[in-house]
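Along the sequence shown, residues carry numbers from 1. Since the structure is predicted, the reported quantities are computational estimates derived from the model, not experimental observations.
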Amino acid sequence: SSRPFPVISDCLDTSTTDANKALAVSKAADEELSKLREVCIQGGGEKGIARHVRLNRKVLVRDRVKNLLDPGCEFWELCMTAGLGLEYGDVPAGGVVAGVGKIHGVDTMIIANDGTVKGGTFYPITITKQLRLQEIAKKNRLPCLAVVDTGGAFLPLQADIFLQGGRGFGNQAIMSSQGIQQVALVSGLCTAGGAYAPTMSDIAIITHRIGNIYLGGPPLVKAATGEVVTGEELGGATMHCSVSGITDHFAQDEEESFAITRDVMATLNLDPTPELVDDPPLYSCEGLEVLAGMENIDKSGMIALLTRITDASRFFEFKAMFGGNLVCGFGHLYGQLTGFVANAGPITAADAQKGGHFVQLCDNRDIPLVFLQNSSLSHGAGCDGTTMKERAKFMQCQSVVRVPKITLNMGGVAGDENYTMCGPSFQP
(Lines give C-alpha, C1' and ligand atoms only; values in the text may rest on other atoms or scores of the structure.)
Protein backbone atom coordinates (compact mmCIF):
# COMPACT_ATOMS: atom_id res chain seq x y z
CA SER A 1 0.00 0.00 0.00
CA SER A 2 1.13 3.58 -0.67
CA ARG A 3 -0.39 4.73 2.61
CA PRO A 4 2.09 5.33 5.44
CA PHE A 5 2.21 3.57 8.82
CA PRO A 6 1.39 -0.05 9.61
CA VAL A 7 -2.11 -1.30 10.39
CA ILE A 8 -2.46 -2.06 14.12
CA SER A 9 -3.82 -5.47 15.07
CA ASP A 10 -6.97 -5.41 17.18
CA CYS A 11 -6.30 -7.02 20.54
CA LEU A 12 -9.69 -6.28 22.15
CA ASP A 13 -12.02 -9.25 22.66
CA THR A 14 -15.55 -7.85 22.95
CA SER A 15 -17.13 -11.27 23.55
CA THR A 16 -15.83 -11.93 27.08
CA THR A 17 -17.85 -11.67 30.29
CA ASP A 18 -15.77 -8.68 31.41
CA ALA A 19 -16.37 -6.97 28.07
CA ASN A 20 -20.14 -7.50 28.40
CA LYS A 21 -20.07 -6.02 31.92
CA ALA A 22 -18.10 -3.02 30.67
CA LEU A 23 -20.54 -2.55 27.80
CA ALA A 24 -23.47 -2.53 30.25
CA VAL A 25 -21.74 0.15 32.38
CA SER A 26 -21.06 2.24 29.28
CA LYS A 27 -24.64 1.98 27.99
CA ALA A 28 -26.07 2.95 31.40
CA ALA A 29 -23.85 6.04 31.42
CA ASP A 30 -24.93 6.85 27.87
CA GLU A 31 -28.61 6.63 28.84
CA GLU A 32 -28.00 8.98 31.77
CA LEU A 33 -26.20 11.40 29.47
CA SER A 34 -29.13 11.27 27.01
CA LYS A 35 -31.51 12.29 29.82
CA LEU A 36 -29.30 15.24 30.76
CA ARG A 37 -29.11 16.31 27.12
CA GLU A 38 -32.88 16.20 26.82
CA VAL A 39 -33.17 18.52 29.84
CA CYS A 40 -30.83 20.95 28.09
CA ILE A 41 -32.71 20.74 24.79
CA GLN A 42 -35.95 21.67 26.61
CA GLY A 43 -34.25 24.84 27.89
CA GLY A 44 -36.64 26.83 30.07
CA GLY A 45 -39.34 24.14 29.83
CA GLU A 46 -42.95 24.47 28.67
CA LYS A 47 -43.55 27.75 30.50
CA GLY A 48 -40.39 29.42 29.19
CA ILE A 49 -40.97 28.16 25.65
CA ALA A 50 -44.61 29.36 25.66
CA ARG A 51 -43.58 32.83 26.79
CA HIS A 52 -40.80 32.99 24.19
CA VAL A 53 -42.86 31.75 21.22
CA ARG A 54 -46.46 32.78 21.88
CA LEU A 55 -46.08 35.93 23.96
CA ASN A 56 -42.87 37.37 22.49
CA ARG A 57 -43.32 35.74 19.05
CA LYS A 58 -39.68 34.76 18.74
CA VAL A 59 -37.96 31.78 17.13
CA LEU A 60 -36.48 29.19 19.53
CA VAL A 61 -32.70 29.33 19.87
CA ARG A 62 -31.97 25.93 18.32
CA ASP A 63 -34.17 26.81 15.32
CA ARG A 64 -32.27 30.08 14.97
CA VAL A 65 -28.97 28.19 14.82
CA LYS A 66 -30.40 25.73 12.28
CA ASN A 67 -31.58 28.58 10.04
CA LEU A 68 -28.14 30.21 10.13
CA LEU A 69 -26.21 27.07 9.15
CA ASP A 70 -25.69 25.70 5.66
CA PRO A 71 -28.51 23.32 4.63
CA GLY A 72 -27.81 19.81 5.91
CA CYS A 73 -24.86 20.99 8.00
CA GLU A 74 -24.30 19.19 11.29
CA PHE A 75 -24.01 21.46 14.35
CA TRP A 76 -21.23 20.33 16.70
CA GLU A 77 -22.57 21.50 20.07
CA LEU A 78 -20.08 22.26 22.85
CA CYS A 79 -20.45 22.26 26.65
CA MET A 80 -24.07 21.16 26.30
CA THR A 81 -24.57 19.80 29.84
CA ALA A 82 -22.93 22.76 31.58
CA GLY A 83 -25.22 24.36 34.15
CA LEU A 84 -26.97 21.30 35.60
CA GLY A 85 -27.04 20.56 39.34
CA LEU A 86 -25.51 23.86 40.48
CA GLU A 87 -25.98 25.26 43.98
CA TYR A 88 -28.18 28.02 42.57
CA GLY A 89 -30.27 25.53 40.55
CA ASP A 90 -30.34 24.17 37.02
CA VAL A 91 -29.38 26.46 34.14
CA PRO A 92 -29.84 24.15 31.12
CA ALA A 93 -26.86 24.42 28.73
CA GLY A 94 -25.68 27.33 30.89
CA GLY A 95 -28.35 29.45 29.19
CA VAL A 96 -26.33 29.43 25.96
CA VAL A 97 -26.58 27.09 22.96
CA ALA A 98 -23.16 27.09 21.34
CA GLY A 99 -20.92 25.14 19.02
CA VAL A 100 -19.32 24.98 15.60
CA GLY A 101 -21.13 24.76 12.26
CA LYS A 102 -20.58 25.81 8.66
CA ILE A 103 -21.91 29.06 7.22
CA HIS A 104 -21.12 29.33 3.50
CA GLY A 105 -18.64 26.51 4.05
CA VAL A 106 -16.70 28.28 6.83
CA ASP A 107 -16.48 26.72 10.29
CA THR A 108 -18.01 29.31 12.65
CA MET A 109 -18.29 29.46 16.44
CA ILE A 110 -21.95 30.28 17.17
CA ILE A 111 -22.86 31.46 20.69
CA ALA A 112 -26.62 31.92 21.06
CA ASN A 113 -28.51 32.98 24.20
CA ASP A 114 -31.50 30.80 25.09
CA GLY A 115 -34.24 33.31 25.84
CA THR A 116 -36.44 30.59 27.39
CA VAL A 117 -34.00 30.20 30.32
CA LYS A 118 -34.79 33.16 32.61
CA GLY A 119 -35.00 35.47 29.59
CA GLY A 120 -31.41 34.70 28.57
CA THR A 121 -30.08 36.01 31.88
CA PHE A 122 -26.34 35.59 32.51
CA TYR A 123 -25.48 33.31 35.44
CA PRO A 124 -21.88 32.66 36.56
CA ILE A 125 -21.93 29.38 34.59
CA THR A 126 -23.04 31.32 31.49
CA ILE A 127 -19.93 33.48 31.72
CA THR A 128 -17.66 30.48 32.40
CA LYS A 129 -19.03 28.70 29.33
CA GLN A 130 -18.76 31.75 27.08
CA LEU A 131 -15.14 32.37 28.11
CA ARG A 132 -14.30 28.74 27.30
CA LEU A 133 -15.99 29.03 23.90
CA GLN A 134 -14.07 32.21 23.14
CA GLU A 135 -10.84 30.46 24.10
CA ILE A 136 -11.58 27.60 21.68
CA ALA A 137 -12.48 30.07 18.92
CA LYS A 138 -9.31 32.09 19.48
CA LYS A 139 -7.00 29.05 19.46
CA ASN A 140 -8.58 27.72 16.27
CA ARG A 141 -9.12 31.13 14.63
CA LEU A 142 -12.85 30.56 14.19
CA PRO A 143 -15.02 33.60 13.39
CA CYS A 144 -17.59 34.20 16.13
CA LEU A 145 -21.30 34.77 15.64
CA ALA A 146 -23.21 35.89 18.74
CA VAL A 147 -27.00 35.52 18.58
CA VAL A 148 -27.94 37.88 21.40
CA ASP A 149 -31.14 37.63 23.44
CA THR A 150 -30.39 38.46 27.07
CA GLY A 151 -31.59 40.42 30.05
CA GLY A 152 -28.01 40.88 31.28
CA ALA A 153 -26.56 39.60 34.54
CA PHE A 154 -28.56 37.69 37.17
CA LEU A 155 -28.18 40.41 39.81
CA PRO A 156 -28.41 38.27 42.99
CA LEU A 157 -25.14 36.63 41.84
CA GLN A 158 -23.56 39.76 40.37
CA ALA A 159 -20.43 39.50 42.53
CA ASP A 160 -19.51 36.32 40.62
CA ILE A 161 -20.36 37.77 37.22
CA PHE A 162 -19.00 41.26 36.53
CA LEU A 163 -15.23 40.63 36.52
CA GLN A 164 -15.40 37.56 34.30
CA GLY A 165 -18.21 39.04 32.19
CA GLY A 166 -16.11 42.08 31.34
CA ARG A 167 -13.31 39.75 30.30
CA GLY A 168 -15.64 38.27 27.68
CA PHE A 169 -16.17 41.70 26.10
CA GLY A 170 -12.42 42.32 26.13
CA ASN A 171 -11.89 39.00 24.36
CA GLN A 172 -14.08 40.22 21.50
CA ALA A 173 -11.77 43.19 20.97
CA ILE A 174 -8.62 41.05 21.25
CA MET A 175 -9.86 38.51 18.72
CA SER A 176 -11.01 41.25 16.35
CA SER A 177 -7.53 42.82 16.52
CA GLN A 178 -6.09 39.43 15.51
CA GLY A 179 -8.36 39.20 12.46
CA ILE A 180 -10.82 36.77 14.09
CA GLN A 181 -14.10 38.36 13.02
CA GLN A 182 -16.86 39.12 15.57
CA VAL A 183 -20.44 39.29 14.29
CA ALA A 184 -23.63 39.82 16.33
CA LEU A 185 -27.26 39.15 15.48
CA VAL A 186 -29.58 40.96 17.91
CA SER A 187 -32.60 38.68 18.22
CA GLY A 188 -34.07 39.92 21.48
CA LEU A 189 -33.41 42.22 24.39
CA CYS A 190 -29.80 43.28 24.93
CA THR A 191 -30.08 44.85 28.36
CA ALA A 192 -27.39 46.08 30.78
CA GLY A 193 -24.19 44.07 30.22
CA GLY A 194 -25.89 42.27 27.34
CA ALA A 195 -25.77 45.53 25.38
CA TYR A 196 -22.00 45.21 25.01
CA ALA A 197 -21.99 41.97 22.98
CA PRO A 198 -23.28 43.69 19.81
CA THR A 199 -21.48 46.98 20.43
CA MET A 200 -18.12 45.21 20.82
CA SER A 201 -18.65 43.27 17.58
CA ASP A 202 -17.26 44.20 14.17
CA ILE A 203 -20.69 43.94 12.52
CA ALA A 204 -24.18 43.87 14.07
CA ILE A 205 -27.55 42.91 12.60
CA ILE A 206 -30.80 43.74 14.43
CA THR A 207 -34.36 42.49 13.97
CA HIS A 208 -37.24 45.00 13.91
CA ARG A 209 -39.57 44.95 16.97
CA ILE A 210 -37.73 41.95 18.45
CA GLY A 211 -34.24 43.36 18.93
CA ASN A 212 -33.62 46.11 21.52
CA ILE A 213 -30.28 47.42 22.83
CA TYR A 214 -30.08 49.60 25.95
CA LEU A 215 -28.28 49.67 29.28
CA GLY A 216 -31.53 50.27 31.17
CA GLY A 217 -34.95 49.43 29.72
CA PRO A 218 -38.22 51.43 29.73
CA PRO A 219 -39.15 50.51 33.34
CA LEU A 220 -35.79 51.81 34.60
CA VAL A 221 -36.10 55.01 32.56
CA LYS A 222 -39.52 55.66 34.06
CA ALA A 223 -38.30 54.95 37.60
CA ALA A 224 -35.25 57.19 37.19
CA THR A 225 -36.62 60.12 35.15
CA GLY A 226 -40.40 59.70 35.04
CA GLU A 227 -40.27 59.54 31.23
CA VAL A 228 -42.50 56.98 29.53
CA VAL A 229 -40.75 55.50 26.50
CA THR A 230 -41.18 52.32 24.45
CA GLY A 231 -38.44 49.78 23.86
CA GLU A 232 -38.46 50.62 20.17
CA GLU A 233 -37.96 54.35 20.83
CA LEU A 234 -35.27 53.72 23.43
CA GLY A 235 -33.20 51.10 21.62
CA GLY A 236 -35.03 49.46 18.73
CA ALA A 237 -33.82 48.53 15.27
CA THR A 238 -34.90 51.77 13.57
CA MET A 239 -33.21 53.96 16.17
CA HIS A 240 -29.92 52.03 16.25
CA CYS A 241 -29.69 51.71 12.45
CA SER A 242 -30.60 55.33 11.65
CA VAL A 243 -29.59 57.39 14.72
CA SER A 244 -26.93 55.76 16.95
CA GLY A 245 -25.26 53.70 14.22
CA ILE A 246 -24.61 50.86 16.68
CA THR A 247 -26.18 48.31 14.33
CA ASP A 248 -25.29 47.98 10.66
CA HIS A 249 -28.09 45.93 9.10
CA PHE A 250 -31.88 46.18 9.61
CA ALA A 251 -34.06 43.06 9.30
CA GLN A 252 -37.83 43.27 9.10
CA ASP A 253 -38.31 39.88 10.75
CA GLU A 254 -36.32 36.91 12.00
CA GLU A 255 -36.42 35.10 8.68
CA GLU A 256 -34.80 38.07 6.96
CA SER A 257 -32.30 38.42 9.83
CA PHE A 258 -31.00 34.90 9.16
CA ALA A 259 -30.51 35.64 5.46
CA ILE A 260 -28.73 38.95 6.17
CA THR A 261 -26.48 37.32 8.77
CA ARG A 262 -25.48 34.58 6.34
CA ASP A 263 -24.68 37.27 3.76
CA VAL A 264 -22.57 39.14 6.32
CA MET A 265 -20.61 35.96 7.05
CA ALA A 266 -19.98 35.63 3.30
CA THR A 267 -18.29 39.08 3.31
CA LEU A 268 -15.62 38.02 5.84
CA ASN A 269 -13.38 36.81 3.00
CA LEU A 270 -12.60 33.47 4.66
CA ASP A 271 -11.79 30.32 2.73
CA PRO A 272 -14.27 27.45 3.14
CA THR A 273 -13.10 24.73 5.51
CA PRO A 274 -11.56 21.85 3.51
CA GLU A 275 -13.64 18.70 3.26
CA LEU A 276 -12.48 15.90 5.55
CA VAL A 277 -10.83 12.80 4.09
CA ASP A 278 -13.00 9.83 5.06
CA ASP A 279 -10.76 6.80 5.68
CA PRO A 280 -12.55 5.05 8.58
CA PRO A 281 -10.94 2.72 11.12
CA LEU A 282 -11.05 -0.98 10.33
CA TYR A 283 -12.54 -2.14 13.61
CA SER A 284 -15.98 -1.95 15.21
CA CYS A 285 -16.80 1.20 17.17
CA GLU A 286 -18.60 -1.02 19.71
CA GLY A 287 -15.14 -1.60 21.13
CA LEU A 288 -15.09 2.05 22.20
CA GLU A 289 -18.18 1.45 24.35
CA VAL A 290 -16.50 -1.57 25.93
CA LEU A 291 -13.36 0.47 26.69
CA ALA A 292 -15.45 3.32 28.13
CA GLY A 293 -17.09 0.94 30.61
CA MET A 294 -13.88 -0.69 31.83
CA GLU A 295 -12.69 0.05 35.35
CA ASN A 296 -9.04 -0.42 34.35
CA ILE A 297 -7.61 0.08 30.85
CA ASP A 298 -4.17 -1.43 30.24
CA LYS A 299 -1.72 -0.65 27.45
CA SER A 300 -3.36 -3.09 25.05
CA GLY A 301 -6.67 -1.31 25.72
CA MET A 302 -5.14 2.04 24.76
CA ILE A 303 -3.75 0.49 21.58
CA ALA A 304 -7.25 -0.86 20.87
CA LEU A 305 -8.54 2.69 21.31
CA LEU A 306 -6.03 3.99 18.76
CA THR A 307 -7.11 1.32 16.25
CA ARG A 308 -10.66 2.67 16.49
CA ILE A 309 -9.96 6.36 16.00
CA THR A 310 -7.05 6.56 13.51
CA ASP A 311 -7.64 6.56 9.75
CA ALA A 312 -7.56 2.96 8.42
CA SER A 313 -6.36 1.87 11.91
CA ARG A 314 -2.80 2.84 10.97
CA PHE A 315 -0.33 3.97 13.65
CA PHE A 316 3.44 4.45 13.69
CA GLU A 317 4.76 4.09 17.24
CA PHE A 318 7.69 6.19 18.47
CA LYS A 319 10.32 4.77 20.87
CA ALA A 320 8.29 1.57 21.30
CA MET A 321 10.94 -0.13 23.48
CA PHE A 322 11.50 2.83 25.82
CA GLY A 323 9.12 3.94 28.58
CA GLY A 324 6.62 1.14 29.14
CA ASN A 325 3.58 3.12 30.38
CA LEU A 326 3.40 5.80 27.67
CA VAL A 327 2.48 5.17 24.04
CA CYS A 328 3.57 7.87 21.58
CA GLY A 329 3.22 7.83 17.83
CA PHE A 330 1.76 9.17 14.62
CA GLY A 331 -1.55 8.51 12.91
CA HIS A 332 -4.07 10.39 10.78
CA LEU A 333 -7.47 11.81 11.77
CA TYR A 334 -9.60 12.54 8.69
CA GLY A 335 -6.38 12.98 6.72
CA GLN A 336 -4.68 15.26 9.27
CA LEU A 337 -1.33 13.91 10.48
CA THR A 338 -1.60 13.84 14.29
CA GLY A 339 0.69 13.01 17.21
CA PHE A 340 -0.84 10.78 19.91
CA VAL A 341 0.30 10.55 23.54
CA ALA A 342 -1.50 7.85 25.57
CA ASN A 343 -0.71 6.56 29.05
CA ALA A 344 -1.57 3.27 30.75
CA GLY A 345 -0.07 3.54 34.20
CA PRO A 346 1.98 6.15 36.08
CA ILE A 347 4.38 8.31 34.06
CA THR A 348 7.89 7.00 34.80
CA ALA A 349 11.11 8.95 34.24
CA ALA A 350 11.60 7.14 30.92
CA ASP A 351 7.99 7.79 29.91
CA ALA A 352 8.39 11.50 30.63
CA GLN A 353 11.65 11.66 28.69
CA LYS A 354 10.00 9.96 25.71
CA GLY A 355 6.90 12.15 25.96
CA GLY A 356 8.91 15.37 26.06
CA HIS A 357 10.97 14.31 23.04
CA PHE A 358 7.87 13.37 21.06
CA VAL A 359 5.95 16.56 21.90
CA GLN A 360 8.93 18.66 20.77
CA LEU A 361 9.11 16.73 17.49
CA CYS A 362 5.42 17.40 16.81
CA ASP A 363 5.79 21.10 17.60
CA ASN A 364 8.85 21.36 15.35
CA ARG A 365 6.94 19.70 12.48
CA ASP A 366 3.64 21.58 12.96
CA ILE A 367 1.74 18.40 13.91
CA PRO A 368 -1.22 18.82 16.31
CA LEU A 369 -1.25 16.70 19.48
CA VAL A 370 -3.90 14.45 21.00
CA PHE A 371 -3.42 13.38 24.64
CA LEU A 372 -5.34 10.27 25.75
CA GLN A 373 -5.55 10.38 29.56
CA ASN A 374 -5.84 7.09 31.43
CA SER A 375 -5.03 6.96 35.14
CA SER A 376 -7.02 3.77 35.75
CA LEU A 377 -3.79 1.91 36.66
CA SER A 378 -2.00 4.83 38.35
CA HIS A 379 -3.82 5.27 41.67
CA GLY A 380 -1.47 5.37 44.67
CA ALA A 381 1.67 5.42 42.51
CA GLY A 382 4.68 7.09 44.16
CA CYS A 383 7.33 9.31 42.63
CA ASP A 384 11.07 9.73 43.32
CA GLY A 385 13.16 12.84 42.69
CA THR A 386 14.45 11.73 39.30
CA THR A 387 10.95 10.91 38.06
CA MET A 388 9.61 14.26 39.30
CA LYS A 389 12.40 16.12 37.46
CA GLU A 390 11.68 14.27 34.18
CA ARG A 391 7.94 14.85 34.58
CA ALA A 392 8.62 18.57 35.03
CA LYS A 393 10.60 18.60 31.77
CA PHE A 394 7.72 16.84 30.01
CA MET A 395 5.31 19.47 31.35
CA GLN A 396 7.65 22.25 30.20
CA CYS A 397 7.69 20.82 26.68
CA GLN A 398 3.91 20.65 26.35
CA SER A 399 3.49 24.10 27.94
CA VAL A 400 5.37 25.90 25.19
CA VAL A 401 4.26 24.06 22.04
CA ARG A 402 2.55 26.22 19.43
CA VAL A 403 0.49 23.44 17.83
CA PRO A 404 -3.12 22.68 18.83
CA LYS A 405 -3.57 20.28 21.76
CA ILE A 406 -6.67 18.13 22.30
CA THR A 407 -7.19 16.01 25.41
CA LEU A 408 -9.52 13.00 25.69
CA ASN A 409 -10.07 11.75 29.26
CA MET A 410 -10.57 8.04 28.65
CA GLY A 411 -9.75 6.25 31.90
CA GLY A 412 -9.83 9.05 34.43
CA VAL A 413 -6.95 11.26 35.50
CA ALA A 414 -5.29 11.45 38.92
CA GLY A 415 -2.43 13.19 40.69
CA ASP A 416 0.46 14.41 38.56
CA GLU A 417 -1.22 13.14 35.41
CA ASN A 418 -3.51 16.17 35.61
CA TYR A 419 -0.36 17.96 34.46
CA THR A 420 1.84 15.49 32.59
CA MET A 421 -1.08 14.37 30.41
CA CYS A 422 -2.16 17.89 29.43
CA GLY A 423 -5.03 18.55 31.84
CA PRO A 424 -7.14 21.75 31.85
CA SER A 425 -4.29 23.81 33.37
CA PHE A 426 -2.39 23.44 30.11
CA GLN A 427 -5.31 24.75 28.04
CA PRO A 428 -5.92 21.90 25.59
Side-chain angles (χ1 to χ4, degrees), residues 43-44 48-49 51-53 55-61 64 83 88 91 93-98 111-127 129-131 145-172 182-201 204-241 243-248 250-251 254 257:
I49 291 172
R51 186 185 301 114
H52 187 87
V53 176
L55 183 63
N56 297 328
R57 297 183 180 179
K58 295 194 289 188
V59 176
L60 290 171
V61 63
R64 284 173 175 163
Y88 46 82
V91 185
V96 177
V97 173
I111 305 175
N113 300 115
D114 187 347
T116 71
V117 181
K118 297 286 186 182
T121 303
F122 280 45
Y123 285 80
I125 189 63
T126 313
I127 304 298
K129 178 173 174 176
Q130 286 196 326
L131 290 176
L145 170 58
V147 184
V148 195
D149 184 0
T150 175
F154 181 64
L155 294 179
L157 296 172
Q158 59 184 304
D160 299 321
I161 292 174
F162 284 140
L163 177 62
Q164 299 291 348
R167 192 163 292 152
F169 302 135
N171 286 342
Q172 288 182 268
Q182 305 292 301
V183 177
L185 168 58
V186 179
S187 297
L189 301 182
C190 294
T191 310
Y196 286 100
T199 53
M200 293 295 290
S201 296
I205 306 100
I206 188 169
T207 308
H208 186 42
R209 292 192 179 89
I210 289 174
N212 282 179
I213 304 172
Y214 33 60
L215 293 179
L220 189 60
V221 171
K222 184 177 181 181
T225 68
E227 183 182 356
V228 176
V229 63
T230 66
E232 278 298 302
E233 293 169 328
L234 186 64
T238 302
M239 194 282 284
H240 281 307
C241 284
V243 179
S244 75
I246 284 175
T247 50
D248 310 292
F250 179 100
E254 290 217 65
S257 79

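One finds the CG atom of Leu145 at 7.0 Å from the CD1 atom of Ile205 (value rounded to the nearest 0.5 Å). Atom CD1 of Ile127 sits about 13.5 Å away from atom CZ of Phe154, to the nearest 0.5 Å. Put simply, CD1 on Ile246 and CD1 on Ile213 are 6.0 Å apart, with the number rounded to the nearest 0.5 Å.
In this structure, Lys129 and Ala93 approach most closely via the heavy-atom pair NZ-O, 2.8 Å. For the pair Phe169 and Ala197, the tightest heavy-atom approach, listed with the atom from each and the gap, is CE2-N, 3.8 Å. In terms of heavy-atom proximity, Leu215 sits nearest to Ala195 at CD2-CB, 4.0 Å. In plain terms, the two heavy atoms of Asp160 and Pro124 that are nearest each other are CB-CG, 3.8 Å. Across every non-hydrogen atom of Ile206 and Gly211, the tightest pair is CD1-O, 3.6 Å. Of all heavy-atom pairs spanning Ala184 and Pro198, the tightest one is CB-CA, 3.7 Å.
A heavy-atom distance below 4.5 Å is found between the side chains of Phe122 and Asn113. Side-chain atoms of Val61 and Asp149, non-hydrogen and from C-beta on, never get closer than 4.5 Å to each other. Two residues are said to be in side-chain contact when any heavy atoms from C-beta on lie closer than 4.5 Å; His208 and Glu232 meet this criterion. Side-chain atoms of Met200 and Gln182, non-hydrogen and from C-beta on, never get closer than 4.5 Å to each other. Leu131 is listed as a side-chain neighbour of Asn171, based on a closest heavy-atom distance under 4.5 Å. Annotation: side chain of Glu254 is in contact with side chain of Ser187 (closest heavy-atom distance under 4.5 Å). The side-chain heavy atoms of Asn212 and Leu234, taken from C-beta on, include no pair separated by under 4.5 Å. The shortest side-chain heavy-atom distance between His240 and Val186 does not fall under the 4.5 Å cut-off.
The backbone N or O of Val117 lies less than 3.5 Å from no partner atom in the side chain of Thr121, so there is not a single donor-acceptor pair. Thr191 contributes no side-chain N or O that, together with a main-chain N or O of Gly151, makes up a donor-acceptor pair within less than 3.5 Å. Side chain of Lys58 to main chain of Ile210: no donor-acceptor pair is present (N/O by atom type, distance under 3.5 Å, no hydrogens or angles).
Residues passing the ring-ring contact (aromatic ring centres under 6.0 Å, His included) test with Tyr88 are Tyr123, sequence neighbours excluded.
Counting heavy atoms of neighbouring residues, nucleotides and ligands inside a 6.0 Å radius, atom OH of Tyr214 exceeds 12 of them.
Partner of Thr207 under the side chain to side chain contact (heavy atoms under 4.5 Å, CB included) criterion, out of Val59, Thr247, Leu185: Leu185 alone.
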